[in-house]
There are 2 protein chains.
Amino acid sequence: MTREKILTAAKELFQAKGFEPTTVREIATLAGVNVALINYHFGSKEQLLAQMVEETTAHTLLRLSDITKSGASPIEKLNQMLELFIEKIFSNKQYYQMIHRELSTPQRPELNDQIGKPLKRNRDEMLKIIEEGQKKKVFRKDVDIDLTISTVFGLLYQATHIAFKNKVYDKQLQDDAILKTRVLKHLQELLKNHLVR
Amino acid sequence: MTREKILTAAKELFQAKGFEPTTVREIATLAGVNVALINYHFGSKEQLLAQMVEETTAHTLLRLSDITKSGASPIEKLNQMLELFIEKIFSNKQYYQMIHRELSTPQRPELNDQIGKPLKRNRDEMLKIIEEGQKKKVFRKDVDIDLTISTVFGLLYQATHIAFKNKVYDKQLQDDAILKTRVLKHLQELLKNHLVR
DNA sequence: AAACGATTGAAACAGCTGTTAAAACTGTTT
DNA sequence: AAACAGTTTTAACAGCTGTTTCAATCGTTT
């Protein structure tokens, strides 16, 4: 019970403020527990985050392998995959922003690795599908697959920025739902033009 | 002189460690000056970063408007622009990583705005060119320009990650030069397929 | 009821952070 | 030589950080 209360409070604060700016005392207060219990149950503040990422990632990977193993065509699979990622990322914008921020910091390299692994598995699933499409000769072979995948995740990351930092790009506040369909459509057309021969 | 020494030392440390983890005392030591001089010359640690970004950005914007104002075709302009961005970003990978990291943190929103403005000007230059291409009817009109630009910058950002965090994506260490030409070629083809009608 | 290990609470640890007030020192102008 | 503004130094401020120590409490087992 205490463990869960700490995890919940920590997730909320890490999302809102980031990892480093969040203090263990804030977490303890929001969770309604004593400060010392964080170190008692998780060992350290870092391991608390590592545990959080571990438990949060599991579900997405299950749904991903469902798509990969289905009988759909490569293009259909790719589209389903895009929908899943967009859904996941938009409903946890702050979480993914925080993860990427943490992933790009030179501090805490060990924690970095622990967070990086789950994300790499996402990339690998997309890689499988593109290679399958090439094998079935529906996708062109003269594309840089690695950079294509990076393009997708790069845009998804940028989209989360646009979603709640519109002022930076001089745009009116846009409804997430609208942005989501825009992103999906954009990525679908982009990939179709780029991959399909 | 003191000012410049502080700026140089700060840039080096911010790049290597990030903004927050770098202490004013470290900056002062590396610059070989007294701690108090940072606040004397810049007012605060935050304004030091703001000033740094301001001065670093100026040159790029000059070269950008050169491209925009040239007589080249939209496609040529776009390619020149890509080359410029890739050049700038790859020769200052750590710097741009740091900037993006700082830009994605909910802390220090005022500083956020100050950093965001120069980056927005980059986007605007690219926007101009795409709109020009549409007006001259060499580019399709049914594209999401905003997301197209986000796609470019999103990939460039991802590329800097790949450049010195290859382990995350299970790749061998790649020479920056090779990666740069790969990125350039990838973006050129991607945009051509997506924009040109 | 006694004993036990697991969990919790209060308090303090040692160390760091950005910033600043005031004095000391510079080089130039009167 | 005196006055002056622009810099630099010293030293301290007030506050925060993650972590740990040790005693108190809890629920379960003997």
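No hydrogens, no waters, no symmetry mates; every other heavy atom, side chains included, goes into these values.
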Counting primed atoms, P, OP1 and OP2 as sugar-phosphate and everything else as base, the B/S/- map of nucleotides 5-10 of chain D against protein heavy atoms under 4.0 Å is -SBBBB

Sorted by chain and number, sequence neighbours left out, salt bridge (charged side-chain N to carboxylate O under 4.0 Å, His left out) with A:E12 holds for none

For residues 22-47 of chain B, the salt bridge (charged side-chain N to carboxylate O under 4.0 Å, His left out) pairs (sequence neighbours left out) are B:K17-B:E26

Expected list for residues 14-28 of chain A near DNA chain D, using heavy atoms below 4.0 Å, is A:T22, A:T23, A:V24, A:R25

Residues pairing under ring pair (Phe, Tyr, Trp, His ring centres under 6.0 Å) where one sits in residues 46-81 of chain A, two or more places apart or in two chains, turn out to be none

Applied to residues 82-91 of chain B, the salt bridge (charged side-chain N to carboxylate O under 4.0 Å, His left out) test, sequence neighbours excluded, yields B:E87-B:K180

Taken in chain and number order and not counting sequence neighbours, the residues that satisfy salt bridge (charged side-chain N to carboxylate O under 4.0 Å, His left out) with A:R108 are A:E20, A:E102

Rounded to whole Å, CZ of A:F42 lies from P of D:dT19 at a distance of 13 Å

Here the distance between atom C1' of D:dG18 and atom CD1 of A:I38, to the nearest Å, is 10 Å

Across all chains, not counting sequence neighbours, the salt bridge (charged side-chain N to carboxylate O under 4.0 Å, His left out) partners of B:D124 are B:K120

Exercise. Walk me through it: do A:L147 and B:L187 pass the test side chain to side chain contact (heavy atoms under 4.5 Å, CB included)?
Key: CA-CA 9 Å; A:L147 291 185; B:L187 275 179; over 6 Å; no

So the salt bridge (charged side-chain N to carboxylate O under 4.0 Å, His left out) pairs with at least one residue in residues 130-141 of chain B (sequence neighbours excluded) are A:E189-B:R140, B:K77-B:E132, B:E132-B:K136, B:R140-B:D142

With a 4.0 Å cut-off (strictly under) to non-hydrogen atoms of chain B, the first and last hit nts on DNA chain C, 5' to 3', are C:dT17 to C:dT20

Joining Ile, Leu, Val, Met, Phe, Trp and Tyr whenever any side-chain heavy atoms lie under 4.5 Å apart, the cluster holding A:Y157 also takes in B:Y157

By side chain to side chain contact (heavy atoms under 4.5 Å, CB included), A:L7 pairs with (sequence neighbours left out) A:R3, A:F42, A:L48, A:M52, A:E55

